Amino acid sequence: MSTIDLIIILLYLVGILVLGIMSTGKTKMTSDNYFLAGRSLNWVIIGAALFASNISTIHLVGLAASGFEDGLVWGNFEWMASVVLIFLGLIFAPFYFKSQISTLPEFLERRYGSPSRSFLAFMAILGALFVHIGMSLYAGAIVFKSFFGIDVFVSIIIISVITATYTILGGLKAVVITETVQTVVLIIGAVILTIFAINALPEIGVNTLADFKDRIKPDQLSMLRSGDNAGNSGLSWYAIFLGYPILGLWYWCSDQTIVQRVLAAKSEDDAQKGPIFAGFLKILPVFIMVLPGVIGYVLFKDKIATSNETLPVLINELLPIGIKGIFAAALLSALMSTIAAALNSCSTLVAIDIAKRLKPSLSDKKQVQIGKYVAVVVMILAIAWSTQGGRFNSIFEAINKIAAALAPPIATVFLFGVFSKRGTKEASLITLIFGFLLGISAFAADFIPTLYGKPSIITDNWGIPFMMQAWWLFCICSVVYFIVSYLTPKPSVEQLQYTWDNPWQFLTDKEFKGAKDVRLYAGLLLFTLIILYTIFQ
């Protein structure tokens, strides 16, 4: 690294740290201000924060690696997310805002009962610790070692200390303000790398789209594939359209780390439009994160030994001094925003869903203190877990396999909670516990044999890839949910105020407001996705 690049990186780190600490100013740190930014966020900040908290270093590294190895097909995780964000904006956000909840487990308590709230809080903390923070730390450290030469453990410690400092001191407002800045830096960095990669193609004789297609693997530019050419990960079109919505319902609609930004909206309109704006932003990664990996295959397939080296090679080979420092700042943006989001959500879950319920008289000051202590403890545990990241072959696929184990029961109780008036508190709790145990068992059946060099049981021996595992686990959880629901007493009238009267009510319950109506922009987003899928099928 040149001195100029190192100065850029240092200035960025200091700038983000100062911005995060100063963002709250002299704001009194009540629990509402600390955990939910005083419920003051507009739709632009919500959308940018949703995007930034989602796009981690795992995405930048993993999507480039996936583009190199398999092509655009992994971009479905981005475009399908846009569809699920429409669900969040139109179907779930109205209930979340109306109920003025602080956490997603609190919503389950109102819809079902207290036991469901406790178990979901437990699952949410596990997801934040093992997926959002731990794997993100490891991915960032690997990249920094690849082209900065910084030791993995040293990188983990430095990034952890900086991110934890402004998150613990400033709460959610510090997180979302820094995330808004980081979204801009992240997109600029990814766009710059994509432009340099495209400009390098003529140097090797690639001047037309036909030339480009001649140099890539078959179907590397295809988003939709049949079962015969789905690749090692089993990403066929039906696995994507059946499996991803299950992962997405958990991640985008019911995971505290992500949805906390929507809970902090200043109005219902902002709570709904924020996810739609994020949905438009999620169109970009296919072109500025996956496509560079495909271009990397054309330019440097002889220099890239393993697919995970794609991003570092692109950076070292294409970016000049100064620009390399900007992209390093983009990597830091992706990493820090994800970790900060997960840390704040863990603090919120423990302080509100556990401590406050154990001691209802707990003051705001004590809740904030507990939240800060929790962030420190979670950060330490995540640092320890992050050192185990090397046990996975592909980090991006690893986090989605973990999600495939956690998501089905949560997706079941949230989806049918807002659409079925028959779903009961007993059905919710039993589905969560049974689905969690079943999902963890499925993950272990696949992961443990690979530690001993043996084929995984479900994916390899049974031929069921992780996306289809998510779908079938959801089907099993749904059967359990409705069997228990019809064997137990109906829910109360109070519980059913968080359920739509009919499946289309979220589209028809309000008068159309023209250019101000969120449904117009949701429809425009859906139409855009249909056009894109038609082009890149």
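In what follows, residues are counted from 1 in the order of the sequence shown. Since we're looking at a predicted model, the values are computed, not measured.
When the shell of 6.0 Å around CZ of Phe527 is examined, it contains 12 or fewer heavy atoms from other residues, nucleotides or ligands. Counting heavy atoms of neighbouring residues, nucleotides and ligands inside a 6.0 Å radius, atom CZ of Phe280 exceeds 12 of them. Around atom NZ of Lys213, no more than 12 heavy atoms belonging to other residues, nucleotides or ligands sit under 6.0 Å away.
At least one donor-acceptor pair under 3.5 Å links the side chain of Gln495 to the backbone N or O of Tyr112. Between the side chain of Asp270 and the main chain of Trp43, a donor-acceptor pair closer than 3.5 Å is present. With hydrogens and angles ignored, the 3.5 Å screen pairs no side-chain donor or acceptor of Tyr297 with any backbone N or O of Gly71. In this structure, the side chain of Ser420 does not engage the main chain of Gly417 through any donor-acceptor pair within 3.5 Å. The main-chain N or O of Ala407 is never found under 3.5 Å from a side-chain atom of Tyr251 such that the two would form a donor-acceptor pair.
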task: Decide side chain to side chain contact (heavy atoms under 4.5 Å, CB included) for Leu432 and Leu108; before the verdict, give the C-alpha distance in whole Å, the side-chain angles of both, and the deciding distance to 0.1 Å.
output: CA-CA 11 Å; Leu432 286 173; Leu108 276 200; 4.0 Å; yes
- prompt: What's the verdict on side chain to side chain contact (heavy atoms under 4.5 Å, CB included) for Gln220 and Leu72, showing C-alpha distance, side-chain angles and the deciding distance?
  reply: CA-CA 6 Å; Gln220 213 168 357; Leu72 297 187; over 6 Å; no
message: Could you walk me through whether Leu224 and Phe241 satisfy the side chain to side chain contact (heavy atoms under 4.5 Å, CB included) test, starting with their C-alpha distance in whole Å, then the side-chain angles of each, then the deciding distance to 0.1 Å, before giving a yes or no?
response: CA-CA 10 Å; Leu224 302 176; Phe241 283 94; 3.5 Å; yes
message: Is there a side chain to side chain contact (heavy atoms under 4.5 Å, CB included) between Leu104 and Leu263? Walk through the geometry before answering.
response: CA-CA 9 Å; Leu104 273 301; Leu263 305 185; 3.9 Å; yes
message: Could you go through Lys510 and Glu268, starting from their C-alpha distance and side-chain angles, then the distance that decides it, and tell me whether this counts as salt bridge (charged side-chain N to carboxylate O under 4.0 Å, His left out)?
response: CA-CA 13 Å; Lys510 295 179 181 177; Glu268 182 176 341; 2.8 Å; yes
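Nearest heavy atom pair, residue Phe51 against residue Ile187, reads CE2-CG1, 4.0 Å. For the pair Gly435 and Cys477, the tightest heavy-atom approach, listed with the atom from each and the gap, is CA-SG, 3.7 Å. The heavy-atom pair separating Gly67 from Val294 by the smallest distance is O-CG2, 3.4 Å. Closest approach of Ser345 and Gln260 over heavy atoms only: CA-OE1, 3.3 Å. Closest of all the heavy-atom pairs between Met223 and Gly75 is CE-C, 3.7 Å. Taking both residues in full, the closest heavy atoms of Ala411 and Leu249 are given as CB-CB, 3.8 Å, listed atom of the first, atom of the second, then distance.
Looking at Ser236 and Met468, their side chains never come closer than 4.5 Å, going by heavy atoms from C-beta outward. Looking at Ile315 and Pro312, their side chains never come closer than 4.5 Å, going by heavy atoms from C-beta outward. Looking only at side-chain heavy atoms (C-beta outward), Tyr498 and Arg110 come within less than 4.5 Å of each other. Counting heavy atoms from C-beta on, the side chains of Ile283 and Leu529 come closer than 4.5 Å. Two residues are said to be in side-chain contact when any heavy atoms from C-beta on lie closer than 4.5 Å; Val290 and Pro285 fail this criterion. Taking the side chain as every heavy atom from C-beta outward, Val73 and Ser222 never approach each other to under 4.5 Å. Between Arg519 and Gln272 the shortest side-chain heavy-atom distance does not fall below 4.5 Å. Side-chain contact between Tyr96 and Leu88: present, with at least one pair of heavy atoms (C-beta onward) separated by less than 4.5 Å.
One distance of note links CG of Leu209 with CG of Leu221; it measures 7.0 Å at 0.5 Å rounding. Note that CG of Asp269 and CZ of Phe97 are 9.5 Å apart. Values are rounded to the nearest 0.5 Å. The structure places CZ of Phe196 at 13.5 Å from CG of Leu201, a figure rounded to the nearest 0.5 Å. Note that the CD1 atom of Ile246 and the CG atom of Leu473 stand 10.0 Å from one another [nearest 0.5 Å]. Annotation: the span from Ser254 atom OG to Ile410 atom CD1 amounts to 5.5 Å, rounded to 0.5 Å. Rounding to the nearest 0.5 Å places CG of Asp353 at 8.0 Å from CG of Leu120.
The aromatic ring centroids of Phe92 and Phe107 lie 6.0 Å or more from each other. Annotation: Phe466 is not in aromatic contact with Phe443 [ring centroid separation under 6.0 Å not met]. Checked against the 6.0 Å centroid criterion, the rings of Phe95 and Trp500 qualify as a close aromatic pair. Ring-centre distance between Phe536 and Phe287: below the 6.0 Å cut-off. The distance between the ring centers of Phe122 and Phe436 falls below 6.0 angstrom.
For Ser428, the side-chain hydrogen bond (donor to acceptor under 3.5 Å, both in side chains) partners two or more places apart in sequence, or in a different chain, are Ser116.
With hydrogens and angles left out, the side-chain atoms of Asn76 and Tyr533 include a donor and acceptor closer than 3.5 Å. Looking only at atom types and distance, the side chain of Lys282 has a donor-acceptor partner in the side chain of Asn54 under 3.5 Å away. Inspection of the Gln469 and Asp446 side chains reveals an N or O donor paired with an N or O acceptor under 3.5 Å.
Taking the six-membered ring where the residue is Trp, Phe474 and Phe416 present parallel rings, their angle staying beneath 30° rather than reaching 60°. Using the six-membered ring where Trp is involved, Phe77 and Trp74 have ring planes that are parallel, under 30° apart on the 30 and 60° scheme.
Each of Gln505, Arg422, Lys421, Arg111 was checked for a side chain to side chain donor-acceptor pair (under 3.5 Å) with Thr499, and the lone residue meeting it is Arg111.
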